[in-house]
Protein chains: 4
Amino acid sequence: MRKLDPVKHEKKRQEILGAAMRCFLCSGLKGASTADICAEAKISPGHLYHYFDSKDAIVASLIEGRLEKVAEQLKAGIQSESSIVETLAPELEAQPGGAAAMALIFDMMAESKRNPEMGKIVDSHNRSIRESLVEMLRYGQSRGEVEGKLDLEVTATTIMALMHAAKVVAMQNPKEADKALPVLRQLLGHLLTTPAESAKAGPPRTKKTVARVRA
Amino acid sequence: MRKLDPVKHEKKRQEILGAAMRCFLCSGLKGASTADICAEAKISPGHLYHYFDSKDAIVASLIEGRLEKVAEQLKAGIQSESSIVETLAPELEAQPGGAAAMALIFDMMAESKRNPEMGKIVDSHNRSIRESLVEMLRYGQSRGEVEGKLDLEVTATTIMALMHAAKVVAMQNPKEADKALPVLRQLLGHLLTTPAESAKAGPPRTKKTVARVRA
Amino acid sequence: MRKLDPVKHEKKRQEILGAAMRCFLCSGLKGASTADICAEAKISPGHLYHYFDSKDAIVASLIEGRLEKVAEQLKAGIQSESSIVETLAPELEAQPGGAAAMALIFDMMAESKRNPEMGKIVDSHNRSIRESLVEMLRYGQSRGEVEGKLDLEVTATTIMALMHAAKVVAMQNPKEADKALPVLRQLLGHLLTTPAESAKAGPPRTKKTVARVRA
Amino acid sequence: MRKLDPVKHEKKRQEILGAAMRCFLCSGLKGASTADICAEAKISPGHLYHYFDSKDAIVASLIEGRLEKVAEQLKAGIQSESSIVETLAPELEAQPGGAAAMALIFDMMAESKRNPEMGKIVDSHNRSIRESLVEMLRYGQSRGEVEGKLDLEVTATTIMALMHAAKVVAMQNPKEADKALPVLRQLLGHLLTTPAESAKAGPPRTKKTVARVRA
DNA sequence: CATGAATGAGTATTCATTCAT
DNA sequence: TATGAATGAATACTCATTCAT
């Protein structure tokens with residue numbers, strides 16, 4: 001009778017996390033209440049706190065889980081013998097789960113900028129993902145797949161941004177996505193094989209400059 | 001909601017929108033309360049409803065205003081004699097307001113995916129922005145600035161992806177934005193001047209394919 | 001239409017404080033909920049926070065009000081030409097309001113030792129009451145009513161303790177109170193007119209010492 | 001609630017009571033939760049109810065224990081050959097545990113005024129303590145230590161007031177307790193050796209009477 | 001136009017207690 | 001004995017919104 005089933009405990013935890021995810025997908029991070037989550041998980045409101053310290057802890061758990069999965073997949077890709085473009089291809093596609101999943105990701109990104117606790121989690125995982133990408137790129141350089149003079153940190157940052165942007169655009173323009181995503185992959189290929197330009201974006205055709213955006 | 005002096009009324013409306021924006025930047029869309037906004041705008045809580053039907057109406061107004069500004073600037077850029085890269089440059093630069101402004105944009109995107117009312121606004125503006133981009137590209141083709149064989153719809157979609165990528169960089173890696181944003185501009189230049197590849201992303205080094213990501 | 005009736009606001013505040021006091025008398029500081037108070041004051045639960053920042057703020061207001069009244073009465077007594085024993089006599093009686101009021105005072109004393117915020121309020125008022133007593137005693141010395149060699153600070157502390165103790169005993173032994181309270185007044189008279197003994201409590205009759213009490 | 005080994009059962013009970021006391025000292029009667037107590041006692045929340053019917057039962061047990069100890073010590077003092085002043089001295093000294101212990105005592109007194117169950121316990125013990133004091137005083141009269149004409153019931157009540165005064169000093173002015181408590185002991189000495197005055201508290205200096213305090 | 005009093009459903013969280021194992 | 005999962009009502013407090021003035 002020592003620790004009657006820590007495995008059962010973990011299972012319930014995961015059940016609750018699942019219920020929470022479903023709620024968050026429907027109503028957003030702030031829109032879903034702990035009461036909603038409890039109802040979805042079919043537990044009493046108090047019982048939630050047997051498994052999590054707070055609603056934030058649930059969100060943090062969810063974010064962490066998500067980022068861990070991404071990081072794992074990336075590392076797996078690195079260890080495979082695939083080319084970088086090939087390895088990253090799945091990330092340059094629509095977010096499975098569609099618009100709701102994407103909205104939740106936006107929520108999480110926004111939240112992580114406001115809640116320092118979550119900011120830490122997200123930052124640390126982003127860093128770890130970036131490091132994986134850098135490693136992947138360095139290996140790519142050794143194989144000749146990646147241009148040798150590239151700043152790998154900056155390139156990794158750019159790749160992460162493209163990965164995210166691809167998902168957004170696939171969501172906003174599902175009709176064009178089939179054609180636009182390959183273009184993004186092509187841009188990725190260009191990015192990896194072209195030395196950075198020396199801070200000039202090509203000779204401007206005209207002299208007239210545009211009023212700066214004030215948004 | 002009926003106004004005696006339409007000019008003063010509109011002016012106050014804008015003041016309130018400004019106050020709301022400041023609150024939202026600090027605390028997020030759900031985090032800022034109408035009470036916060038009223039305090040910031042120095043009006044009484046009841047008075048807010050002389051200018052807006054609801055908090056959501058304020059948010060919608062703000063989103064609409066933001067998107068309108070972007071659309072206007074694009075159209076202005078088209079009519080000017082600037083190059084496309086130059087015209088789009090402001091959208092590919094560090095945004096004023098920094099990470100907080102980006103977080104708010106993500107908040108708004110999340111909200112627009114959940115609230116159909118706002119979804120409509122965002123969708124219609126996105127469409128209009130895409131159309132402007134297409135027009136701009138077409139004009140660019142006529143000037144020889146843009147590769148003639150490009151599918152302009154797809155290219156516009158891709159440009160929007162790049163614009164989004166810039167926002168992600170600004171939010172997640174504000175420190176590296178100085179270096180990564182020029183890379184995005186360079187990719188834009190490449191995009192405009194290179195004919196689309198025929199669905200191959202360069203010769204894959206190996207045959208092994210990666211398991212599809214299920215994030 | 002400037003500040004429509006700050007007097008009405010204060011009146012409502014006092015009404016709420018009254019309702020809160022009634023609730024606290026019935027159920028204690030922790031036992032009475034904000035919902036109880038709102039029900040008693042016949043306002044909605046949210047409206048309470050129009051008038052008070054928190055439940056603690058209500059308690060603090062109540063404590064402060066109570067202590068202010070005591071302090072005022074003391075000062076009034078000092079300015080009158082009554083003798084000290086006479087002036088303090090009303091304080092050496094049963095607590096009006098009976099056992100419930102006494103219980104609430106206990107609650108407040110306990111609370112003030114745990115909640116630093118309230119500790120400050122209580123301490124500062126106690127200090128002010130002690131200062132009034134010291135002043136009163138000093139004046140009594142000048143009139144010859146109070147022994148000149150007394151340490152007035154210590155005497156004031158002792159008087160405050162007696163004031164409190166009198167109320168407690170009157171509550172616990174209402175039957176004996178009529179006779180016991182005059183005895184306490186007599187002890188007070190003795191206290192004021194007898195020089196402090198030099199740390200000996202008179203010659204002990206026997207040598208045997210008692211085992212020390214353990215709490 | 002049935003026990004297999006009554007000795008072990010009682011031992012555990014005492015352990016839990018100790019843990020509860022520690023919690024109550026820290027956080028107060030209502031502030032400490034059963035969960036806190038279980039954690040401190042290192043038992044599971046359910047197990048607590050093998051030893052006590054409820055949280056209130058724990059509090060009642062604690063109060064009873066405390067009062068019993070005081071009563072016992074008094075009785076022990078009576079049987080010893082010590083003087084009364086000496087016997088009562090421990091009750092007129094700084095209590096171990098300091099202000100927190102005093103706060104808890106006040107908590108308990110407040111509780112006993114509201115919860116009839118506990119009120120009974122406290123009342124019955126107070127009665128028994130008064131009886132012990134009366135007996136002690138009677139014996140003191142027979143030895144000549146106590147003035148013969150004193151009304152012993154009233155004197156006992158007054159002594160209890162002084163004991164309470166000591167607690168107030170210990171709580172509100174722990175720094176001055178060193179000086180004020182001997183004064184209380186001195187008052188006790190005076191009380192025991194001085195015949196009651198005939199309802200006059202010394203010659204009032206003026207005729208003016210003070211308005212009755214309505215605090 | 002403008003105020004701020006008023007609402008009441010809703011928020012996350014706590015807690016004494018019960019119960020199956 | 002002992003565990004800890006489970007409950008559900010209760011807690012202090014928030015907030016978008018309405019309304020009398």
Side-chain angles (χ1 to χ4, degrees), chain A residues 1-6 8-9 12 30-38 41-58, chain B residues 1-5 8-9 12 30-38 42-58, chain C residues 1-6 8-9 12-13 30-38 42-58, chain D residues 1-5 8-9 12 30-38 42-58:
Chain A
M1 275 201 203
R2 275 293 71 123
K3 265 276 180 185
L4 220 63
D5 248 334
K8 223 172 163 183
H9 184 90
K12 193 90 191 171
K30 298 239 173 181
S33 70
T34 53
D36 294 337
I37 295 170
C38 289
K42 279 166 193 155
I43 59 172
S44 63
H47 199 31
L48 184 66
Y49 293 84
H50 227 63
Y51 296 94
F52 296 95
D53 283 345
S54 64
K55 187 187 175 186
D56 274 7
I58 297 177
Chain B
M1 284 292 288
R2 227 60 304 246
K3 53 240 167 180
L4 299 187
D5 180 341
K8 267 176 98 176
H9 185 87
K12 195 84 190 173
K30 296 242 174 185
S33 69
T34 52
D36 294 337
I37 296 170
C38 289
K42 281 166 192 154
I43 60 172
S44 64
H47 201 33
L48 184 68
Y49 291 81
H50 280 262
Y51 296 94
F52 296 94
D53 282 344
S54 67
K55 188 187 175 184
D56 273 5
I58 297 177
Chain C
M1 279 199 199
R2 275 294 70 126
K3 265 273 180 187
L4 221 63
D5 249 333
K8 222 171 165 185
H9 184 91
K12 194 87 190 174
R13 240 185 91 101
K30 299 237 173 186
S33 69
T34 53
D36 295 337
I37 295 170
C38 289
K42 279 167 195 155
I43 59 172
S44 65
H47 200 32
L48 185 67
Y49 294 84
H50 227 63
Y51 297 93
F52 297 94
D53 282 345
S54 65
K55 188 187 174 184
D56 274 7
I58 297 177
Chain D
M1 285 292 289
R2 225 63 303 244
K3 54 241 168 180
L4 300 186
D5 180 343
K8 266 176 97 176
H9 185 87
K12 194 86 190 170
K30 297 242 172 186
S33 69
T34 53
D36 294 336
I37 295 170
C38 289
K42 279 166 194 155
I43 61 172
S44 64
H47 201 32
L48 184 68
Y49 291 82
H50 281 261
Y51 296 96
F52 297 93
D53 283 342
S54 66
K55 189 186 174 185
D56 273 6
I58 297 177

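Order of the sequence lines sets the chain letters (A, B, ...), proteins ahead of strands, with each chain counted from 1.
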**OP:** Check every atom of E:dC1, E:dT13, F:dT17 against the side chain of B:K55 and return the nucleotide holding the closest atom.
**Re:** F:dT17

**OP:** Among E:dC1, E:dC15, F:dT1, find the nucleotide with the atom closest to the side chain of D:D5.
**Re:** F:dT1

Atom pair [atom1] ([X]) and [atom2] ([Y]), whose distance is rounded to the nearest 0.5 Å:
X	Y	atom1	atom2	result
C:T34	C:D36	OG1	CG	8.0 Å
A:L48	A:H50	CG	NE2	11.5 Å
B:F52	B:I37	CZ	CD1	9.0 Å

Subject >> Neighbours of DNA chain E within residues 43-53 of chain C, by heavy-atom distance under 4.0 Å >> reply: C:I43, C:S44, C:P45, C:G46, C:H47, C:H50, C:Y51

**OP:** Search all heavy atoms of D:K55 against all heavy atoms of D:K30 and return the closest pair with its distance.
**Re:** NZ-O, 3.8 Å

Original post:
If you take all heavy atoms of B:P45 and B:C38, which pair is closest and at what distance?
Top reply: CA-SG, 3.5 Å

For [X] and [N], give me the distance from atom [atom1] to atom [atom2], rounded to whole Å.
X	N	atom1	atom2	answer
C:K8	E:dT3	NZ	P	18 Å
D:K30	F:dA10	NZ	C1'	12 Å
D:D36	E:dT14	CG	P	11 Å

Subject >> Residue mapping more 5' on DNA chain F - nearest nucleotide basis, D:K42 or B:S33 >> reply: D:K42

Original post:
Relative to the 5' end of DNA chain F, which residue comes earlier, C:D56 or B:T34, by the nucleotide with the nearest heavy atom?
Top reply: C:D56

**OP:** Tell me what A:A32 touches on the nucleic acid: a base, only sugar-phosphate, or nothing, going by heavy atoms under 4.0 Å.
**Re:** sugar-phosphate

Original post:
For atom P, what is the distance between F:dT21 and E:dC1, given to the nearest Å?
Top reply: 23 Å

Original post:
When Watson-Crick pairs (N1 to N3 and N6-O4 or O6-N4) and G-U wobble pairs (N1-O2 and O6-N3) count only below 3.5 Å on both distances, what is the dot-bracket string of DNA chain E, with | for other-strand pairs?
Top reply: .||||||||||||||||||||

Subject >> Side-chain heavy atoms of C:K12 within contact of C:I43, under 4.5 Å >> reply: yes

Subject >> Set of residues satisfying ring-ring contact (aromatic ring centres under 6.0 Å, His included) with respect to A:Y51, sequence neighbours excluded >> reply: A:H9, A:H47

